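Here's the structure we're looking at; comments come further down.
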Amino acid sequence: MRGGSMEVDLLKLYRRSLWVFHLNSGSCNGCDIEVLNIFAPRPDAERFGVKLVGSPRHADAIVFTGPVTMEALPRVVRAFNAVPNPKLVIAIGSCSCGGGIWYDSYSVLGGINEFYKYMKRRYGVEPPPTIYVPGCPPKPEAILYAVLLARGFVEQKQYRSVYVEELSTEMLSKLKKMLAGEEAVLEKAIGVEIVD
Amino acid sequence: MIWVFIGALANIGFILLAAPLLDGLERKIKAWLQNRRGPPIPQTLYDIVKLLRKPGGLTGNPGLLYRIAPYMFFTNMVIAFLFIPTLLDYSLSFIGDIIVVYYLITASSIILAMGSISTGNPFAITGSTREISLSMAGKLLTGITLAIFVAVNKSFLITSLFPIIPPYRLSSILGLIVFAILVYIEGFRLPFDIPEAEPEIAGGVIIEYTGRDLGFAIYSLLLKRLLYTSILLNLVIPRYTVFSPIYYIVGVIVFSILFSTIECFSGRHRIEYALSFMKKLSLATGVVLVLAVLGY
(Lines give C-alpha, C1' and ligand atoms only; values in the text may rest on other atoms or scores of the structure.)
Protein backbone atom coordinates (compact mmCIF):
# COMPACT_ATOMS: atom_id res chain seq x y z
CA MET A 1 0.00 0.00 0.00
CA ARG A 2 1.47 3.31 -0.99
CA GLY A 3 0.60 6.91 -1.75
CA GLY A 4 -1.48 8.74 0.83
CA SER A 5 -1.68 7.37 4.32
CA MET A 6 -4.64 5.19 5.17
CA GLU A 7 -6.49 7.20 7.76
CA VAL A 8 -8.14 5.51 10.70
CA ASP A 9 -11.48 7.03 9.72
CA LEU A 10 -11.27 5.45 6.29
CA LEU A 11 -10.52 2.05 7.78
CA LYS A 12 -13.46 2.40 10.13
CA LEU A 13 -15.74 3.59 7.33
CA TYR A 14 -14.97 0.67 5.04
CA ARG A 15 -14.50 -1.96 7.73
CA ARG A 16 -17.93 -3.52 7.19
CA SER A 17 -18.80 -2.61 3.64
CA LEU A 18 -16.86 -1.77 0.50
CA TRP A 19 -18.43 -1.16 -2.87
CA VAL A 20 -16.03 -1.44 -5.74
CA PHE A 21 -16.18 -0.05 -9.26
CA HIS A 22 -14.27 -1.91 -11.92
CA LEU A 23 -12.29 0.50 -14.11
CA ASN A 24 -10.65 -1.02 -17.16
CA SER A 25 -8.04 1.32 -18.64
CA GLY A 26 -7.18 -0.77 -21.69
CA SER A 27 -6.45 -4.11 -20.11
CA CYS A 28 -6.21 -7.39 -22.03
CA ASN A 29 -9.21 -8.73 -20.00
CA GLY A 30 -7.07 -11.27 -18.14
CA CYS A 31 -7.27 -9.33 -14.89
CA ASP A 32 -10.92 -8.47 -15.51
CA ILE A 33 -11.84 -12.14 -15.62
CA GLU A 34 -9.98 -12.67 -12.36
CA VAL A 35 -11.80 -9.72 -10.79
CA LEU A 36 -15.13 -11.27 -11.73
CA ASN A 37 -13.91 -14.56 -10.27
CA ILE A 38 -13.76 -13.16 -6.74
CA PHE A 39 -17.55 -12.84 -6.82
CA ALA A 40 -17.98 -16.46 -7.93
CA PRO A 41 -19.20 -19.06 -5.41
CA ARG A 42 -15.79 -20.29 -4.28
CA PRO A 43 -14.01 -17.05 -3.25
CA ASP A 44 -17.37 -15.25 -2.70
CA ALA A 45 -16.22 -11.73 -1.91
CA GLU A 46 -19.78 -10.75 -1.01
CA ARG A 47 -19.42 -12.48 2.35
CA PHE A 48 -16.97 -9.70 3.30
CA GLY A 49 -19.45 -7.04 2.24
CA VAL A 50 -17.78 -6.35 -1.09
CA LYS A 51 -20.16 -5.46 -3.87
CA LEU A 52 -19.45 -4.70 -7.51
CA VAL A 53 -21.42 -1.59 -8.49
CA GLY A 54 -22.12 -0.30 -11.96
CA SER A 55 -21.91 3.42 -11.29
CA PRO A 56 -18.66 5.13 -10.22
CA ARG A 57 -20.75 7.52 -8.12
CA HIS A 58 -21.79 4.64 -5.84
CA ALA A 59 -18.30 3.25 -5.36
CA ASP A 60 -15.89 3.44 -2.44
CA ALA A 61 -12.96 1.83 -4.21
CA ILE A 62 -11.73 1.51 -7.77
CA VAL A 63 -10.51 -1.84 -9.02
CA PHE A 64 -8.05 -0.58 -11.60
CA THR A 65 -6.80 -2.80 -14.42
CA GLY A 66 -4.73 -2.04 -17.50
CA PRO A 67 -1.71 0.13 -18.35
CA VAL A 68 -3.82 3.27 -19.17
CA THR A 69 -3.82 3.48 -22.94
CA MET A 70 -3.93 6.92 -24.52
CA GLU A 71 -7.26 6.04 -26.12
CA ALA A 72 -8.82 5.24 -22.74
CA LEU A 73 -7.21 8.12 -20.82
CA PRO A 74 -10.03 10.73 -21.10
CA ARG A 75 -12.63 8.16 -19.97
CA VAL A 76 -10.39 6.92 -17.17
CA VAL A 77 -9.96 10.49 -15.93
CA ARG A 78 -13.72 11.07 -15.97
CA ALA A 79 -14.50 7.83 -14.18
CA PHE A 80 -11.69 8.42 -11.68
CA ASN A 81 -12.99 11.88 -10.83
CA ALA A 82 -16.57 10.61 -10.61
CA VAL A 83 -15.74 8.33 -7.67
CA PRO A 84 -16.40 10.41 -4.57
CA ASN A 85 -13.77 11.00 -1.90
CA PRO A 86 -12.58 9.35 0.31
CA LYS A 87 -11.69 6.64 -2.17
CA LEU A 88 -9.31 3.72 -2.41
CA VAL A 89 -7.60 2.27 -5.44
CA ILE A 90 -6.74 -1.40 -5.88
CA ALA A 91 -4.35 -1.69 -8.83
CA ILE A 92 -4.68 -5.21 -10.24
CA GLY A 93 -2.12 -6.85 -12.49
CA SER A 94 1.39 -6.05 -13.67
CA CYS A 95 0.12 -3.55 -16.24
CA SER A 96 -1.61 -1.27 -13.77
CA CYS A 97 1.12 -1.68 -11.13
CA GLY A 98 3.94 -0.52 -13.38
CA GLY A 99 3.00 -0.74 -17.02
CA GLY A 100 3.92 -4.41 -17.38
CA ILE A 101 5.42 -5.27 -20.75
CA TRP A 102 4.06 -1.99 -22.14
CA TYR A 103 5.78 0.26 -19.61
CA ASP A 104 7.61 2.38 -22.22
CA SER A 105 5.36 1.81 -25.18
CA TYR A 106 4.33 4.84 -27.24
CA SER A 107 0.58 4.43 -26.85
CA VAL A 108 0.26 3.84 -23.12
CA LEU A 109 0.82 6.02 -20.08
CA GLY A 110 2.43 3.09 -18.26
CA GLY A 111 0.66 2.10 -15.10
CA ILE A 112 -1.17 3.80 -12.30
CA ASN A 113 1.81 5.74 -10.94
CA GLU A 114 2.25 7.52 -14.27
CA PHE A 115 -1.50 8.13 -14.23
CA TYR A 116 -1.22 9.70 -10.77
CA LYS A 117 1.63 11.93 -12.01
CA TYR A 118 -0.57 12.97 -14.95
CA MET A 119 -3.53 13.70 -12.64
CA LYS A 120 -1.29 15.74 -10.32
CA ARG A 121 0.20 17.74 -13.19
CA ARG A 122 -3.02 18.31 -15.08
CA TYR A 123 -5.70 18.56 -12.39
CA GLY A 124 -3.76 18.86 -9.12
CA VAL A 125 -5.39 15.71 -7.76
CA GLU A 126 -3.51 13.99 -4.95
CA PRO A 127 -3.17 10.21 -5.33
CA PRO A 128 -5.53 8.23 -3.08
CA PRO A 129 -4.32 5.28 -0.96
CA THR A 130 -3.41 2.54 -3.42
CA ILE A 131 -2.93 -1.19 -3.04
CA TYR A 132 -0.80 -2.94 -5.63
CA VAL A 133 -1.56 -6.51 -6.65
CA PRO A 134 1.11 -7.59 -9.16
CA GLY A 135 0.73 -10.68 -11.32
CA CYS A 136 -0.21 -11.45 -14.89
CA PRO A 137 -2.98 -12.01 -14.00
CA PRO A 138 -3.03 -12.16 -10.19
CA LYS A 139 -4.90 -15.02 -8.56
CA PRO A 140 -8.40 -14.32 -7.21
CA GLU A 141 -6.98 -15.09 -3.76
CA ALA A 142 -4.45 -12.28 -4.18
CA ILE A 143 -7.21 -9.85 -5.17
CA LEU A 144 -9.29 -10.95 -2.20
CA TYR A 145 -6.24 -10.43 0.02
CA ALA A 146 -5.87 -6.90 -1.34
CA VAL A 147 -9.52 -6.13 -0.66
CA LEU A 148 -9.17 -7.37 2.91
CA LEU A 149 -5.91 -5.43 3.31
CA ALA A 150 -7.75 -2.27 2.29
CA ARG A 151 -10.09 -2.76 5.21
CA GLY A 152 -7.58 -3.67 7.89
CA PHE A 153 -8.51 -7.35 8.18
CA VAL A 154 -5.03 -8.67 7.27
CA GLU A 155 -1.45 -7.43 7.50
CA GLN A 156 0.59 -6.23 4.58
CA LYS A 157 2.94 -8.90 3.22
CA GLN A 158 5.49 -6.62 1.63
CA TYR A 159 8.52 -5.13 3.39
CA ARG A 160 10.17 -2.04 2.08
CA SER A 161 13.71 -2.71 3.41
CA VAL A 162 16.84 -2.97 1.26
CA TYR A 163 19.54 -5.38 2.34
CA VAL A 164 23.09 -4.58 1.23
CA GLU A 165 25.77 -7.25 1.64
CA GLU A 166 29.36 -6.11 2.16
CA LEU A 167 31.70 -7.82 -0.28
CA SER A 168 34.51 -9.71 1.45
CA THR A 169 38.08 -9.71 0.08
CA GLU A 170 37.75 -13.39 -0.88
CA MET A 171 34.67 -12.63 -2.86
CA LEU A 172 36.44 -9.77 -4.57
CA SER A 173 39.41 -11.90 -5.54
CA LYS A 174 37.00 -14.51 -6.90
CA LEU A 175 35.34 -11.85 -8.93
CA LYS A 176 38.69 -10.64 -10.16
CA LYS A 177 39.60 -14.14 -11.34
CA MET A 178 36.30 -14.46 -13.08
CA LEU A 179 36.70 -11.18 -14.84
CA ALA A 180 40.41 -11.32 -15.49
CA GLY A 181 41.53 -8.36 -17.48
CA GLU A 182 38.36 -6.42 -16.91
CA GLU A 183 39.39 -4.77 -13.63
CA ALA A 184 38.88 -1.31 -14.94
CA VAL A 185 35.34 -2.13 -16.02
CA LEU A 186 34.61 -3.77 -12.68
CA GLU A 187 36.09 -0.89 -10.69
CA LYS A 188 34.01 1.54 -12.63
CA ALA A 189 30.95 -0.56 -12.11
CA ILE A 190 31.13 -1.05 -8.33
CA GLY A 191 32.91 2.20 -7.63
CA VAL A 192 35.70 0.85 -5.39
CA GLU A 193 39.34 0.21 -6.04
CA ILE A 194 40.18 -3.50 -6.06
CA VAL A 195 43.22 -4.41 -3.99
CA ASP A 196 44.69 -7.89 -3.73
CA MET B 1 -52.55 10.31 23.29
CA ILE B 2 -49.01 9.88 24.59
CA TRP B 3 -49.31 6.12 24.08
CA VAL B 4 -50.30 6.63 20.48
CA PHE B 5 -47.20 8.78 20.01
CA ILE B 6 -44.93 6.20 21.66
CA GLY B 7 -46.54 3.45 19.60
CA ALA B 8 -45.94 5.37 16.38
CA LEU B 9 -42.29 5.92 17.37
CA ALA B 10 -41.87 2.21 18.14
CA ASN B 11 -43.43 1.32 14.79
CA ILE B 12 -41.13 3.66 12.88
CA GLY B 13 -38.06 2.52 14.78
CA PHE B 14 -38.98 -1.06 14.00
CA ILE B 15 -39.47 -0.53 10.27
CA LEU B 16 -36.26 1.51 9.97
CA LEU B 17 -34.39 -1.45 11.43
CA ALA B 18 -36.40 -4.21 9.77
CA ALA B 19 -36.23 -2.99 6.15
CA PRO B 20 -32.42 -3.36 5.80
CA LEU B 21 -32.32 -6.54 7.88
CA LEU B 22 -34.93 -8.19 5.65
CA ASP B 23 -32.91 -7.25 2.58
CA GLY B 24 -29.87 -8.81 4.25
CA LEU B 25 -31.89 -11.97 4.86
CA GLU B 26 -32.88 -12.06 1.20
CA ARG B 27 -29.27 -11.64 0.11
CA LYS B 28 -28.30 -14.52 2.41
CA ILE B 29 -31.01 -16.78 0.99
CA LYS B 30 -30.04 -15.93 -2.57
CA ALA B 31 -26.42 -16.72 -1.71
CA TRP B 32 -27.38 -20.08 -0.22
CA LEU B 33 -29.35 -20.96 -3.32
CA GLN B 34 -26.25 -20.19 -5.41
CA ASN B 35 -23.97 -22.34 -3.20
CA ARG B 36 -22.31 -19.29 -1.72
CA ARG B 37 -21.86 -18.44 1.93
CA GLY B 38 -23.27 -14.96 1.41
CA PRO B 39 -22.98 -11.72 3.36
CA PRO B 40 -23.93 -11.53 7.04
CA ILE B 41 -27.60 -10.70 7.61
CA PRO B 42 -26.97 -7.09 8.82
CA GLN B 43 -24.88 -6.40 5.68
CA THR B 44 -27.43 -4.04 4.08
CA LEU B 45 -27.62 -2.14 7.37
CA TYR B 46 -23.82 -1.79 7.34
CA ASP B 47 -23.97 -0.59 3.73
CA ILE B 48 -26.56 2.03 4.55
CA VAL B 49 -24.70 3.21 7.66
CA LYS B 50 -21.55 3.56 5.57
CA LEU B 51 -23.40 5.51 2.87
CA LEU B 52 -25.00 7.81 5.44
CA ARG B 53 -21.57 8.57 6.92
CA LYS B 54 -20.13 9.53 3.54
CA PRO B 55 -20.70 13.09 2.31
CA GLY B 56 -23.21 13.42 -0.51
CA GLY B 57 -21.77 14.98 -3.63
CA LEU B 58 -23.25 16.62 -6.66
CA THR B 59 -22.06 16.57 -10.23
CA GLY B 60 -22.58 19.46 -12.60
CA ASN B 61 -25.41 21.81 -11.75
CA PRO B 62 -28.42 19.66 -10.97
CA GLY B 63 -31.81 21.06 -10.10
CA LEU B 64 -33.32 21.45 -6.66
CA LEU B 65 -35.56 18.44 -7.28
CA TYR B 66 -32.52 16.21 -7.75
CA ARG B 67 -31.06 17.32 -4.43
CA ILE B 68 -34.20 16.88 -2.35
CA ALA B 69 -35.67 13.82 -4.13
CA PRO B 70 -34.16 11.10 -1.86
CA TYR B 71 -35.17 12.99 1.27
CA MET B 72 -38.71 13.58 0.01
CA PHE B 73 -38.98 9.93 -0.95
CA PHE B 74 -37.78 8.88 2.50
CA THR B 75 -40.16 11.25 4.29
CA ASN B 76 -43.08 10.06 2.14
CA MET B 77 -42.35 6.46 3.02
CA VAL B 78 -42.06 7.13 6.76
CA ILE B 79 -45.33 9.10 6.75
CA ALA B 80 -47.04 6.30 4.82
CA PHE B 81 -45.95 3.89 7.56
CA LEU B 82 -47.83 5.99 10.14
CA PHE B 83 -51.11 4.87 8.56
CA ILE B 84 -50.26 1.19 8.17
CA PRO B 85 -50.21 -0.97 11.32
CA THR B 86 -46.89 -2.79 11.40
CA LEU B 87 -45.49 -4.08 14.68
CA LEU B 88 -48.05 -2.34 16.86
CA ASP B 89 -51.60 -1.30 16.06
CA TYR B 90 -51.07 2.30 17.09
CA SER B 91 -51.14 4.53 14.04
CA LEU B 92 -52.58 7.66 12.54
CA SER B 93 -56.06 7.13 11.21
CA PHE B 94 -58.83 9.20 9.63
CA ILE B 95 -61.45 8.64 6.96
CA GLY B 96 -59.79 8.67 3.55
CA ASP B 97 -56.35 7.66 4.79
CA ILE B 98 -56.11 4.95 2.12
CA ILE B 99 -56.11 7.75 -0.46
CA VAL B 100 -53.30 9.51 1.42
CA VAL B 101 -51.21 6.33 1.43
CA TYR B 102 -51.89 5.82 -2.27
CA TYR B 103 -50.86 9.42 -2.95
CA LEU B 104 -47.63 9.07 -0.93
CA ILE B 105 -46.62 5.88 -2.76
CA THR B 106 -47.36 7.37 -6.18
CA ALA B 107 -45.72 10.72 -5.46
CA SER B 108 -42.51 9.11 -4.26
CA SER B 109 -41.96 7.26 -7.56
CA ILE B 110 -42.63 10.39 -9.56
CA ILE B 111 -40.32 12.48 -7.35
CA LEU B 112 -37.46 10.00 -7.81
CA ALA B 113 -37.97 9.85 -11.58
CA MET B 114 -38.21 13.66 -11.90
CA GLY B 115 -35.12 14.19 -9.77
CA SER B 116 -33.11 11.80 -11.85
CA ILE B 117 -34.27 13.32 -15.17
CA SER B 118 -32.87 16.68 -14.02
CA THR B 119 -29.31 15.29 -13.88
CA GLY B 120 -29.03 14.99 -17.65
CA ASN B 121 -27.23 11.66 -17.40
CA PRO B 122 -28.40 9.44 -20.32
CA PHE B 123 -28.58 6.36 -18.09
CA ALA B 124 -30.57 8.29 -15.50
CA ILE B 125 -33.00 9.49 -18.17
CA THR B 126 -33.43 5.94 -19.49
CA GLY B 127 -34.05 4.79 -15.93
CA SER B 128 -36.54 7.60 -15.34
CA THR B 129 -38.59 6.87 -18.42
CA ARG B 130 -38.72 3.21 -17.42
CA GLU B 131 -39.60 4.14 -13.85
CA ILE B 132 -42.45 6.32 -15.07
CA SER B 133 -43.82 3.66 -17.46
CA LEU B 134 -43.60 0.94 -14.84
CA SER B 135 -44.98 3.09 -12.07
CA MET B 136 -47.92 4.17 -14.24
CA ALA B 137 -48.77 0.50 -14.74
CA GLY B 138 -47.96 -0.50 -11.15
CA LYS B 139 -49.78 2.36 -9.47
CA LEU B 140 -52.85 1.80 -11.64
CA LEU B 141 -52.83 -1.80 -10.51
CA THR B 142 -52.34 -0.74 -6.87
CA GLY B 143 -55.23 1.68 -7.20
CA ILE B 144 -57.58 -0.92 -8.68
CA THR B 145 -56.63 -3.51 -6.04
CA LEU B 146 -57.12 -1.10 -3.16
CA ALA B 147 -60.43 -0.07 -4.76
CA ILE B 148 -61.54 -3.73 -4.61
CA PHE B 149 -61.04 -3.80 -0.84
CA VAL B 150 -62.68 -0.39 -0.50
CA ALA B 151 -65.68 -1.65 -2.48
CA VAL B 152 -65.91 -4.87 -0.48
CA ASN B 153 -65.77 -3.13 2.90
CA LYS B 154 -67.58 0.05 1.75
CA SER B 155 -65.11 2.20 3.69
CA PHE B 156 -62.16 4.50 3.03
CA LEU B 157 -60.71 3.85 6.49
CA ILE B 158 -57.60 1.65 6.50
CA THR B 159 -58.40 0.02 9.85
CA SER B 160 -61.75 -1.18 8.53
CA LEU B 161 -60.16 -2.67 5.42
CA PHE B 162 -57.80 -4.88 7.47
CA PRO B 163 -57.95 -7.82 7.82
CA ILE B 164 -60.20 -9.74 5.42
CA ILE B 165 -62.82 -11.30 7.66
CA PRO B 166 -65.28 -14.11 7.00
CA PRO B 167 -67.64 -14.40 5.18
CA TYR B 168 -65.00 -14.44 2.44
CA ARG B 169 -66.02 -13.02 -0.89
CA LEU B 170 -64.67 -14.08 -4.27
CA SER B 171 -63.49 -10.58 -5.17
CA SER B 172 -61.52 -10.07 -1.95
CA ILE B 173 -59.74 -13.44 -2.36
CA LEU B 174 -58.85 -12.61 -5.99
CA GLY B 175 -57.79 -9.12 -4.91
CA LEU B 176 -55.50 -10.66 -2.31
CA ILE B 177 -53.82 -12.85 -4.95
CA VAL B 178 -53.33 -9.86 -7.27
CA PHE B 179 -51.91 -7.83 -4.39
CA ALA B 180 -49.41 -10.60 -3.59
CA ILE B 181 -48.17 -10.42 -7.20
CA LEU B 182 -48.12 -6.63 -6.92
CA VAL B 183 -45.92 -6.78 -3.81
CA TYR B 184 -43.40 -8.70 -5.87
CA ILE B 185 -43.61 -6.22 -8.75
CA GLU B 186 -43.42 -3.05 -6.67
CA GLY B 187 -40.60 -4.42 -4.53
CA PHE B 188 -38.28 -3.87 -7.55
CA ARG B 189 -37.47 -7.56 -7.57
CA LEU B 190 -35.63 -9.11 -10.46
CA PRO B 191 -37.79 -9.20 -13.58
CA PHE B 192 -39.29 -5.87 -12.51
CA ASP B 193 -36.19 -3.98 -11.36
CA ILE B 194 -35.90 -2.42 -14.82
CA PRO B 195 -35.66 1.23 -13.61
CA GLU B 196 -32.62 0.39 -11.47
CA ALA B 197 -31.17 -2.46 -13.58
CA GLU B 198 -27.79 -2.49 -11.89
CA PRO B 199 -25.87 -4.54 -14.50
CA GLU B 200 -27.56 -2.97 -17.51
CA ILE B 201 -27.90 0.79 -16.96
CA ALA B 202 -25.71 1.02 -13.85
CA GLY B 203 -28.33 1.99 -11.30
CA GLY B 204 -30.65 3.91 -13.66
CA VAL B 205 -32.66 6.36 -11.60
CA ILE B 206 -30.17 6.42 -8.74
CA ILE B 207 -27.00 6.44 -10.86
CA GLU B 208 -25.89 9.99 -10.04
CA TYR B 209 -26.54 9.85 -6.30
CA THR B 210 -23.65 9.31 -3.99
CA GLY B 211 -22.92 9.08 -0.28
CA ARG B 212 -25.73 10.27 1.96
CA ASP B 213 -28.16 10.92 -0.90
CA LEU B 214 -27.67 7.41 -2.25
CA GLY B 215 -28.10 6.01 1.25
CA PHE B 216 -31.48 7.70 1.62
CA ALA B 217 -32.56 6.63 -1.88
CA ILE B 218 -31.73 2.97 -1.23
CA TYR B 219 -33.25 3.11 2.25
CA SER B 220 -36.48 4.52 0.78
CA LEU B 221 -36.66 1.80 -1.86
CA LEU B 222 -36.30 -0.82 0.88
CA LEU B 223 -38.98 0.92 2.96
CA LYS B 224 -41.30 0.92 -0.05
CA ARG B 225 -40.80 -2.81 -0.41
CA LEU B 226 -41.63 -3.32 3.27
CA LEU B 227 -44.65 -1.01 3.00
CA TYR B 228 -46.22 -3.17 0.30
CA THR B 229 -45.45 -6.34 2.26
CA SER B 230 -47.02 -4.78 5.36
CA ILE B 231 -50.23 -3.92 3.53
CA LEU B 232 -50.43 -7.48 2.20
CA LEU B 233 -49.80 -8.95 5.67
CA ASN B 234 -52.40 -6.73 7.28
CA LEU B 235 -54.96 -8.17 4.89
CA VAL B 236 -54.16 -11.67 6.15
CA ILE B 237 -53.09 -11.64 9.80
CA PRO B 238 -55.48 -11.00 12.67
CA ARG B 239 -55.06 -7.59 14.27
CA TYR B 240 -55.73 -6.17 17.74
CA THR B 241 -54.50 -9.24 19.59
CA VAL B 242 -51.45 -9.72 21.79
CA PHE B 243 -49.85 -11.99 19.21
CA SER B 244 -50.21 -9.67 16.23
CA PRO B 245 -46.55 -8.41 16.42
CA ILE B 246 -45.37 -12.03 16.32
CA TYR B 247 -47.67 -12.81 13.40
CA TYR B 248 -46.35 -9.72 11.64
CA ILE B 249 -42.66 -10.53 12.10
CA VAL B 250 -43.12 -14.17 11.09
CA GLY B 251 -45.19 -13.12 8.06
CA VAL B 252 -42.62 -10.61 6.87
CA ILE B 253 -39.84 -13.20 7.15
CA VAL B 254 -41.92 -15.83 5.31
CA PHE B 255 -42.65 -13.43 2.47
CA SER B 256 -38.96 -12.46 2.25
CA ILE B 257 -37.94 -16.09 1.93
CA LEU B 258 -40.66 -16.77 -0.64
CA PHE B 259 -39.97 -13.73 -2.81
CA SER B 260 -36.17 -14.04 -2.72
CA THR B 261 -36.47 -17.68 -3.78
CA ILE B 262 -38.66 -16.67 -6.73
CA GLU B 263 -36.24 -13.84 -7.55
CA CYS B 264 -33.28 -16.21 -7.56
CA PHE B 265 -34.82 -18.30 -10.33
CA SER B 266 -35.89 -15.45 -12.60
CA GLY B 267 -34.00 -13.44 -15.17
CA ARG B 268 -34.31 -9.92 -16.49
CA HIS B 269 -36.84 -9.19 -19.25
CA ARG B 270 -37.18 -6.28 -21.58
CA ILE B 271 -39.54 -3.59 -20.33
CA GLU B 272 -42.22 -4.45 -22.91
CA TYR B 273 -42.74 -7.86 -21.35
CA ALA B 274 -43.17 -6.39 -17.87
CA LEU B 275 -45.58 -3.77 -19.20
CA SER B 276 -47.66 -6.24 -21.21
CA PHE B 277 -47.84 -8.58 -18.19
CA MET B 278 -49.06 -5.71 -16.03
CA LYS B 279 -51.54 -4.62 -18.68
CA LYS B 280 -53.12 -8.08 -18.73
CA LEU B 281 -53.11 -8.23 -14.93
CA SER B 282 -54.73 -4.77 -14.75
CA LEU B 283 -57.51 -5.84 -17.12
CA ALA B 284 -58.18 -8.97 -15.06
CA THR B 285 -58.16 -6.92 -11.86
CA GLY B 286 -60.60 -4.49 -13.43
CA VAL B 287 -63.02 -7.39 -13.93
CA VAL B 288 -62.53 -8.33 -10.25
CA LEU B 289 -63.33 -4.73 -9.28
CA VAL B 290 -66.59 -4.94 -11.24
CA LEU B 291 -67.39 -8.19 -9.39
CA ALA B 292 -66.66 -6.47 -6.07
CA VAL B 293 -68.96 -3.56 -6.92
CA LEU B 294 -71.69 -6.01 -7.97
CA GLY B 295 -71.38 -7.70 -4.58
CA TYR B 296 -69.71 -11.02 -5.28
Side-chain angles (χ1 to χ4, degrees), chain A residues 7-24 32 35-62 75 77-88 125 128 140 144 147-148 150-153, chain B residues 20 23-24 26-28 30-60 62 66 116 119 121-124 126-127 193 196-215 217-218:
Chain A
E7 292 151 21
V8 184
D9 283 357
L10 207 60
L11 270 179
K12 262 191 193 167
L13 190 63
Y14 298 147
R15 178 87 184 169
R16 298 252 182 227
S17 145
L18 186 82
W19 289 6
V20 296
F21 172 66
H22 178 200
L23 181 54
N24 182 341
D32 308 82
V35 167
L36 291 183
N37 269 350
I38 72 166
F39 297 98
R42 191 175 276 263
D44 189 20
E46 205 191 351
R47 69 194 146 119
F48 302 116
V50 181
K51 194 175 154 193
L52 198 64
V53 291
S55 165
R57 304 282 297 154
H58 299 180
D60 308 314
I62 305 174
R75 286 85 170 177
V77 169
R78 280 185 68 186
F80 188 84
N81 285 334
V83 177
N85 287 320
K87 63 186 160 204
L88 289 171
V125 176
L144 208 55
V147 169
L148 293 184
R151 303 160 62 197
F153 280 111
Chain B
D23 188 60
E26 293 185 12
R27 281 167 77 175
K28 192 84 180 169
K30 275 185 267 180
W32 280 341
L33 290 171
Q34 292 167 350
N35 284 337
R36 289 188 291 128
R37 191 174 291 178
I41 287 174
Q43 185 58 50
T44 309
L45 196 61
Y46 297 151
D47 289 347
I48 285 173
V49 167
K50 176 205 71 183
L51 287 172
L52 294 186
R53 285 176 66 191
K54 283 179 83 175
L58 302 166
T59 43
Y66 164 79
S116 102
T119 60
N121 184 319
F123 284 135
T126 313
D193 73 332
E196 287 83 26
E198 187 78 42
E200 187 196 351
I201 51 171
V205 276
I206 54 172
I207 183 170
E208 281 289 334
Y209 290 112
T210 180
R212 201 172 296 139
D213 303 338
L214 178 66
I218 291 177

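Here the structure is a predicted model, which is why all the values come from computation and not from measurement. Residue numbers begin at 1 in each chain, while the letters A, B, ... track the order of the sequences.
- The distance from atom NZ of A/Lys51 to atom CD of B/Gln43, rounded to the nearest 0.5 Å, is 9.5 Å.
- Interatomic distance, CZ of A/Arg47 versus CZ of B/Arg27, reported as 14.5 Å (0.5 Å rounding).
- Only the side chain of B/Ile218 comes within less than 4.5 Å of a heavy atom in chain A; its backbone stays farther off.
- Neither the backbone nor the side chain of A/Ala45 comes within contact range of chain B, judged by heavy atoms closer than 4.5 Å.
- A/Arg16 meets the side chain to side chain donor-acceptor pair (under 3.5 Å) test with no other residue; sequence neighbours excluded.
- Taking a cutoff of 4.0 Å between a charged side-chain nitrogen and a carboxylate oxygen, A/Asp60 and B/Lys54 qualify as a salt bridge.
- Listed by chain and number, the residues in a ring-ring contact (aromatic ring centres under 6.0 Å, His included) with A/Phe80 are A/Phe115 (sequence neighbours excluded).
- For A/Phe39, the part lying under 4.5 angstrom from a heavy atom of chain B is the backbone only.
- The heavy-atom pair separating A/Asp44 from B/Arg36 by the smallest distance is OD1-NH1, 3.2 Å.
- For the set B/Thr44, B/Leu51, B/Asn35, B/Asp47, the count of heavy-atom pairs under 4.5 angstrom toward chain A peaks at B/Asp47.
- Taking each heavy atom of B/Lys50 and A/Ser17 in turn, the nearest pair found is NZ-OG, 3.2 Å.
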